[in-house]
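In what follows, a single structure is set out as structure tokens and then discussed.
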Amino acid sequence: MMVTNDLIELSLRDGEVEVSLRRPNPKGHEAVMMTTPMMAHPAMHSPVAVSPPAVDGKLPGDVVDVEYHEIRSPMVGTFYASPDPDSPPFVQVGSPVGPSTVVCLLEAMKVFSEIKAETSGTIERILVRDGEAVEYGQALFLVRPH
Amino acid sequence: MMVTNDLIELSLRDGEVEVSLRRPNPKGHEAVMMTTPMMAHPAMHSPVAVSPPAVDGKLPGDVVDVEYHEIRSPMVGTFYASPDPDSPPFVQVGSPVGPSTVVCLLEAMKVFSEIKAETSGTIERILVRDGEAVEYGQALFLVRPH
Amino acid sequence: MFRRILIANRGEIALRILRACQELNVETVCVFSEEDRGAEYLRLADKAVCIGGPAPRESYLKSDRLIAAAEVTGADAIHPGYGFLAENGQFAEKCRACNIEFIGPSVEAMKLLGDKASARVIAKKNKVPTVPGSDGVLEDDNETITIADQIGFPVIIKASAGGGGRGMRIVHDKTDLLAALKQAKQEADGAFNSRDVYIERFIDRPRHVEVQIIADQHGHIVHLGERDCTLQRRYQKLVEESPSPALDHRTRENLCAAAVKLCKAAKYYSAGTVEFLVDTKSRFYFIEVNTRIQVEHPVTEMVTGIDLIKTQIRVAAGEKLDFDQRAVRPHGHAIECRINAEDPNERFRPCAGVVEKFRPPGGVGVRVDSYGHDGCRVSPRYDSLLAKVIVHQPTRPEAIRTMQRCLKEFVIEPLKTTLPLLRRVIAHPDFHDGTIDTGFIERTF
Amino acid sequence: MFRRILIANRGEIALRILRACQELNVETVCVFSEEDRGAEYLRLADKAVCIGGPAPRESYLKSDRLIAAAEVTGADAIHPGYGFLAENGQFAEKCRACNIEFIGPSVEAMKLLGDKASARVIAKKNKVPTVPGSDGVLEDDNETITIADQIGFPVIIKASAGGGGRGMRIVHDKTDLLAALKQAKQEADGAFNSRDVYIERFIDRPRHVEVQIIADQHGHIVHLGERDCTLQRRYQKLVEESPSPALDHRTRENLCAAAVKLCKAAKYYSAGTVEFLVDTKSRFYFIEVNTRIQVEHPVTEMVTGIDLIKTQIRVAAGEKLDFDQRAVRPHGHAIECRINAEDPNERFRPCAGVVEKFRPPGGVGVRVDSYGHDGCRVSPRYDSLLAKVIVHQPTRPEAIRTMQRCLKEFVIEPLKTTLPLLRRVIAHPDFHDGTIDTGFIERTF
């Protein structure tokens with residue numbers, strides 16, 4: 001089913017593959033802006049400021065002024081962490097990524113699109129689970145820039 | 001028509017004669033709270049803070065922290081400044097008044113009620129015209145206390 | 001038609017009357033207490049006059065101030081709304097003595113039908129069924145036994161001065177009668193300082209059904225069908241609907257005909273409501289007449305398409321009804337829910353304060369009568385009714401469904417209201433089945 | 001019935017569809033652009049999905065995202081509302097190919113009736129009157145003269161690629177024809193880079209009257225009477241009413257019958273509107289079909305009591321119409337005014353920003369369809385329609401009076417809206433008399 005070659009061609013045709021990166025908060029605040037997952041109540045959709053250490057105890061260090069990047073979904077679809085059920089995920093927490101590193105697949109209307117990091121750094125957090133539905137603009141990964 | 005004796009008796013029977021005095025603004029502000037006349041648009045009915053010198057150029061002096069008292073209408077009716085058309089008004093600007101000084105008549109349902117100052121001082125301003133309709137709580141006179 | 005009407009009321013009904021006047025091209029004067037100063041609906045009136053202090057007896061109940069306000073503003077009629085002075089015959093008399101029309105029935109009709117005892121006499125004279133009873137205070141034990149036998153058991157003993165359940169005793173069997181009578185008299189004495197009691201047939205699990213009447217001053221009288229107001233909480237109506245889900249066609253016809261007969265006998269004109277209890281065997285008993293417009297009048301407006309307030313004003317101005325009984329063809333089903341600012345967790349104590357967020361529902365067949373908006377103030381001094389949601393749909397199940405949708409949609413924050421209770425009531429299977437009685441809410445929630 | 005419907009629209013129509021779904025016990029998915037994030041009506045949906053950026057082509061027009069959103073949320077139908085993709089046959093086809101029902105007509109019917117030229121062919125074939133014309137591009141001068149003679153003067157020459165008045169020439173007399181033809185061709189060439197023109201009979205001072213159709217997939221089709229949408233500003237409808245004040249009974253019957261005949265011929269189902277011009281002699285001419293629900297559908301709902309969106313959803317789910325033509329009995333008169341966020345002083349440029357104060361009117365027979373509330377945002381990127389006020393009264397004069405009252409009552413601050421213009425339009429004697437035509441607003445205001 002997951003014929004990656006086809007998918008990229010198709011998705012490019014639809015102009016769907018694009019990654020939007022969230023710039024750090026202009027006020028230099030330590031918070032990272034996040035959108036909540038699609039299934040949540042829409043009233044909760046507005047971006048929520050979260051201090052990174054509070055989000056996940058595993059976040060390394062206590063440096064509060066790290067500016068994380070987000071890899072956000074350029075489309076509506078289903079998130080797949082690995083190229084197929086028997087393969088390891090494209091990336092894991094701690095994986096280094098570059099602009100062209102494929103980080104996940106998104107499926108919509110039976111078309112699979114490879115999503116690239118479009119930024120450099122280390123995967124700090126994976127924000128959605130394998131098989132989860134994602135909406136446009138939803139944050140998928142937090143990346144700690146080099 | 002204006003048989004004052006009758007009127008007082010009638011109006012007392014109805015318990016209508018009562019004078020409410022507006023206390024000075026508790027914050028010690030120089031403004032006097034005034035209600036606007038009945039005929040105005042209700043949106044303008046809320047009390048308006050006015051600096052006395054701005055209300056009327058004739059207000060004597062420029063002392064801004066004078067605390068004026070208001071003689072307010074205890075009823076709905078028509079304001080008469082004098083006991084009958086051929087008589088002089090009960091009071092004029094500059095008249096000294098004491099608590100039992102009659103300052104005007106108010107007519108409602110063909111009953112005339114004498115309104116007393118219920119405060120001591122000098123009439124600073126007459127806020128309604130002869131024959132004008134007044135509503136409950138409407139300021140009729142400004143009194144500068146002794 | 002009148003030139004200028006003074007609206008001697010406040011809140012949603014003041015706004016309701018104001019809108020009717022504007023559509024009749026009649027100018028409006030709204031009165032307000034110092035507590036209501038700045039209320040938004042006052043902005044819509046041609047004139048607004050402060051008539052007194054916050055307490056009702058200092059303002060909305062002060063008849064002379066209201067008449068004086070009408071005089072100084074040149075109003076030629078007063079609409080009393082409901083509550084306050086709406087059923088006060090003396091006020092109506094005073095208005096008319098001052099050449100200001102009181103928008104309501106004649107003083108004679110108000111007195112005849114507004115008084116329960118006199119209305120009961122007229123009902124009996126006109127063969128309108130009443131709850132069988134002693135017709136006055138019980139004199140001695142023998143008389144009580146004789147009357148109870150005539151009425152038939154179960155009977156209920158009530159304190160003449162009473163209300164709210166005190167001094168009441170239900171007696172199912174003759175052998176218990178005299179003991180109960182003694183207890184009831186003692187209780188009445190303690191509670192009301194009067195040992196006077198009377199007895200009536202006890203109507204078990206009744207429905208409350210009322211008939212809307214409208215009549216002109218030229219002898220034309222029509223009914224606009226019934227409203228079922230069985231859903232009450234402590235004698236306060238909470239949900240009203242039309243038609244009643246519990247009446248068969250014949251009972252409905254007889255009920256409405258009885259209401260018309262009663263009002264005709266009293267030469268009644270204006271809008272009025274004749275209230276009945278209906279027992280589980282579809283027998284109905286007249287209880288009282290409300291000689292005014294009622295809170296729940298929109299239910300009837302929705303099913304008949306007739307604007308009751310406009311019609312009431314027109315007949316007060318001497319116009320003839322421009323429709324007859326045949327032209328009244330109710331269609332579909334309407335339900336009203338009363339949204340009160342009350343805290344169900346605090347035994348429905350009225351809540352007061354500022355409504356920060358007010359999002360009424362909307363859509364097809366939905367009407368919301370309310371003075372509410374973001375930032376509006378709810379005063380603790382007056383009736384806690386904040387909004388009425390009225391829905392109209394082709395069938396009762398559809399109307400229930402629309403009401404459920406509306407109650408879900410309605411947001412009022414942060415005040416506590418009856419919305420959560422209403423959501424549960426409207427979703428209850430017994431309400432759907434139409435098998436409730438006036439005690440339903442107390443028993444169920 | 002569907003389990004879950006995705007609403008592929010925004011604003012007032014999204015809310016309207018949402019309410020219909022809830023009353024049908026169907027779950028709802030609302031989509032939204034980043035611009036509409038946080039809109040209050042989204043709170044009412046069971047799910048809300050962000051589908052793209054603020055520009056319509058990045059979100060509401062992006063068919064694949066809409067279908068993907070339906071797939072990931074498990075929606076089994078999409079309601080397109082009006083505008084955006086509502087008349088896009090390819091989108092409808094794609095939806096159905098993905099096993100998601102497109103709530104609208106069949107793709108075939110959409111293509112047949114949605115295309116003006118093909119609809120005109122069907123109309124002619126079914127003897128539905130169309131505006132007499134050249135049926136295509138004029139080849140040479142002789143042909144033009146012949147055709148103009150057949151049509152009868154006055155005629156209008158129009159650019160095939162044109163619109164908005166450019167390349168148009170009205171010719172009242174045969175002697176002026178060829179000169180006008182030359183000018184029109186030059187103008188068309190300059191404006192649209194094409195010299196192609198055609199001619200039609202010029203309909204002077206026409207009224208715009210349209211017929212609402214509803215049909216199921218089992219061959220049952222009924223009309224719900226007409227709407228008169230003559231009050232337009234630059235081809236944008238501003239006020240709509242039903243019934244039309246300009247039609248006699250016979251013309252109405254013929255008009256509605258023609259609309260039904262046309263839709264039947266195309267095997268049309270779902271809701272649809274057949275638009276006509278009516279000339280000063282009550283002759284009507286078919287112009288086009290809108291194969292979707294329309295902005296002004298509430299006017300018809302008010303007079304017929306039929307919920308068009310619910311019915312549209314039911315027939316899309318395969319249900320049969322539960323009423324026939326005889327059961328459709330319009331009563332009373334309904335008028336709708338469109339309140340757009342536009343500045344009349346700035347040539348009706350859309351206004352955007354935050355509505356600080358939003359006080360819609362209410363009362364008997366009043367419905368307001370709007371997403372507005374205190375604090376709501378009006379985006380410059382979408383249609384400027386902020387609210388629709390619809391009133392329903394027994395007669396047209398009463399409906400006008402109620403509308404006047406409502407327009408006076410409605411407060412929207414601080415954005416500029418069409419409210420002041422509408423107040424003047426509704427108060428105009430020509431509107432009262434029903435003697436207006438489609439050019440009324442441009443000539444009068």
Side-chain angles (χ1 to χ4, degrees), chain B residues 1 7-23 33-49 70 72-80 104-113 115 127-140, chain C residues 4 6-8 10 14-15 18 27-55 57-75 78 90-91 93-100 371 375 377:
Chain B
M1 277 285 263
L7 313 175
I8 293 167
E9 188 197 326
L10 273 167
S11 50
L12 282 173
R13 195 196 61 200
D14 276 19
E16 287 279 14
V17 172
E18 44 179 289
V19 172
S20 79
L21 277 179
R22 184 86 184 187
R23 296 260 154 57
M33 302 305 270
M34 287 178 38
T35 57
T36 51
M38 175 175 56
M39 294 307 173
H41 194 277
M44 296 167 60
H45 267 288
S46 43
V48 180
E70 288 179 1
R72 318 221 311 169
S73 171
M75 54 190 282
V76 178
T78 306
F79 174 92
Y80 291 105
C104 66
L105 291 180
L106 291 181
E107 182 264 274
M109 298 175 71
K110 300 194 175 59
V111 177
F112 290 80
S113 308
I115 304 301
L127 299 166
V128 284
R129 279 161 310 181
D130 197 44
E132 191 172 308
V134 296
E135 66 181 350
Y136 174 86
Q138 184 171 342
L140 308 174
Chain C
R4 191 175 291 148
L6 181 135
I7 300 163
R10 63 177 301 282
L15 177 56
L18 201 148
E27 288 181 35
T28 49
V29 179
C30 265
V31 298
F32 61 96
S33 71
E34 291 195 315
E35 180 88 349
D36 283 332
R37 186 182 292 280
E40 280 227 352
Y41 62 87
L42 297 173
R43 194 179 43 81
L44 300 171
D46 294 296
K47 289 182 187 173
V49 182
C50 182
I51 50 160
R57 65 183 166 77
E58 287 299 320
S59 46
Y60 300 109
L61 287 172
K62 219 160 178 84
S63 53
D64 284 2
R65 291 243 182 104
L66 291 163
I67 294 173
E71 287 190 338
V72 299
T73 56
I78 290 182
Q90 287 173 326
F91 178 59
E93 221 159 357
K94 243 190 222 177
C95 287
R96 290 179 182 143
C98 294
N99 271 320
I100 295 164
Y371 65 98
R377 287 182 54 239

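First the proteins, then the strands, lettered A, B, ... as listed; each starts at 1.
Applying the ring pair (Phe, Tyr, Trp, His ring centres under 6.0 Å) rule to C/Tyr60 yields the partners C/Phe84, C/Tyr382; only residues at least two apart in sequence or on another chain are considered. By the side chain to side chain contact (heavy atoms under 4.5 Å, CB included) test, C/Glu27 pairs with C/Arg4, C/Asp46, sequence neighbours left out.
Interface residue C/Glu34: only side-chain heavy atoms are found under 4.5 Å from chain B.
Closest non-hydrogen pair, B/Ala133 versus C/Val72, comes out as CB-CB, 3.7 Å. Across all their heavy atoms, C/Arg65 and B/Met75 have their closest contact at NE-CA, 3.8 Å. Contact record, B/Met109 with C/Asp64: SD-O, 3.6 Å, taken as the closest heavy-atom pair.
The structure places CD of B/Glu135 at 12.0 Å from NZ of C/Lys47, a figure rounded to the nearest 0.5 Å.
The candidate with the highest count of non-hydrogen atom pairs below 4.5 Å against chain B, out of C/Cys30, C/Ser33, C/Ala69, C/Gly52, is C/Gly52. Per-residue counts of heavy-atom pairs under 4.5 Å with chain B were compared for C/Leu66, C/Ile51, C/Val29; the largest is that of C/Ile51.
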